[in-house]
Every structure is written in structure tokens, then in C-alpha cells.
Amino acid sequence: MLGAIIGDMVGSTYEFHPIKTKKFNIFNPNSHMTDDSYLTMAVARALLKHYPIQYNEEGIKAIKRELINEFVNTWRCFRTAGYGYMFYQWCERAYVTRDVGPYYSFGNGGAMRISPVGWIANNEGEVKMLSKAVTEITHNHPEALKAAEAVAMCIYLARNGYSKGQLKKRMVDEYYPEIAFYNFDKLVETCTFSSKSQDSVPQAIYCFLISDSEEDAIRNAVALGADSDTQACIAGSIAEAFYQRDKLSEFEDKYLYLMIDPEVEQLIKELHDKIGSEKFNKENNNE
Ligand SMILES: [Mg+2]
């Protein structure tokens, strides 16, 4: 989740001013949280309120109700965070009547907010069930559901010790065969802005697969020069689970200190605390 927020913030200044290079100031003072971060936090809050999750019809229904409340509250508090037009309209309707249906979006909005699911679910079945529940309240198109599940699954598998090779195989076999044929330089050359899941999520996963650190994954995603905040958010979210499951990196620590508001840090810590994660354990971070 921290990786998602850092990625979103790093990418925020490049979303509409794409750069095609990995060389840029990653601690840009103009960086800010966008909808990707705010909605990731909304998902985290909703899931933590219902933790431990009841993976049955009633439990899932309660989570969905909570999510609608959290999304509407987030929209009311941060109206200029950069939501997609359809999400904005959905919030307007949901504010009037909480009994609001999804809008069949195949946008990458489902995948950008999904990272807490990858941390909270305890097996692959739970990843799938929870990812579907969180995503389908707005993004019930098969491409958006697939994208969110792919990202959540990647995070879950990464934090359970899967190697890059294993992760790549799972992604290629079960979600995005095209990843097998990607080439980074070619992507940098050809990528343009698209918020469609199918045009942005597999590329973001690939940016993680070819990285050597969380920071590197985020730089890769920004260098695509496409949907920078969302692709960096997704790449960062997976990279965090892979590289920094049990320990803050120097980069994360510095980013937290310099760029991230205390209440955001608090929520991230609460998630790790609830799931029994070692990441913010002082002993792990005092070497
Ligand atoms: Mg955004």
C-alpha cells in the first residue's frame, strides 16, 4: 500500500506531462496524492473496519456497503483528486442514494485502488473473492475485474515468496499473455496515455517484473510516459510486496518522512499492524 501511494505521488506530476526517461527527481516537491491514493486508502479503511474479513455473502455485502460510504466520503473531502468522469458521476448518485449500481467501466481505476486486498487476503481464493467485491461496485467490466485481480494476486504471491520468474509465469498464463513479448525500450517508444485496464495494467506489472527495487519499478512506470500516476501506483504496489514486505527501505523511509502526511502513514501502519506484518517493526528497521 505504501508502494502504491509513493508511485501515485511520484507519477502525479507526469500524468499530463509525460516524460520518456527514468532520470528525474523522485522527491519532486510538487508531487501529490491523486485519486489512486485516496481510493486505495478508502479501500484500506473499509477492509480494516471489517477485519478479520468474513468471506461469506453477508460479510462481502457489508464490505460493499462500507466501500460505497468510504468512496462517497473520499469524493466529498477531496473533490479535485482527479477522478474519472464516470466515477465522479457515480459518487454524485451514491451520495443521494447508497443503492447505486456499477457502470461497467474497463478503466484502470479498479487496479489502482486494489493493493490492500493483496495484503489482507490469506489465500488465492480470498484474493479473488475480495478483489471482485472491491472492484465490481463500480468497475464490473471483465477487463477491469481481471486487472484488479491480477494486481492483487501479484501482491499476494509476492509477499508469499514467489520469485520473479514464478510471478511472470502466473501473470502470463492466467492474465496477460502479452507480457511475455514486452520489451521495455519498445514500450517507452510506443506507450501513450490510456486509462483502459487492458492498455495500462499489464505494462505496469511488467515495469515491476523488470525492476531491481521498488524505486526502480516506479521509475520504469513513469518512463513509459503514459498514465504515469496510475501505472507507477500499480508497479510500486507490487514492488513493495516483493522487495519490502518485512522492512522499510531507505527510499521508503525517506519518502515517508519528506512527502507523506502523518495520517496517511498512520493508516498504512494500521493495516500492517492488523495483519501481523513485520514491516514497521522497529527491530527490523533499526539496523
Ligand atoms: Mg490519478
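Side-chain atoms are counted along with the backbone in the values below, which use heavy atoms only and exclude waters and symmetry mates. Indexing begins at 1, ligand by ligand and atom by atom, following the structure's order. Bear in mind the structure is a predicted one, so any value in this text is a computation, not a measurement.
For the pair OD1 of Asp36 and OD1 of Asp35, the angle at the Mg ion (ligand 1) is about 80°; rounding is to 10 degrees.
Atom OD2 is the N/O/S atom of Asp229 found closest to the Mg ion (ligand 1).
A side-chain hydrogen bond (donor to acceptor under 3.5 Å, both in side chains) with Thr34 holds for exactly one of Thr230, Thr80, Asp229; it is Asp229.
For the pair Lys168 and Tyr206, the cation-pi criterion (under 6.0 Å, within 45° of the ring axis) is not fulfilled. Both tests hold for Arg219 against Phe24: distance to the six-membered ring centre under 6.0 Å, angle to the ring axis within 45°.
Among the backbone and side-chain atoms of Ser37, none of the N, O or S atoms lies under 2.8 Å from the Mg ion (ligand 1).
With hydrogens and angles left out, the side-chain atoms of Gln89 and Tyr85 include a donor and acceptor closer than 3.5 Å.
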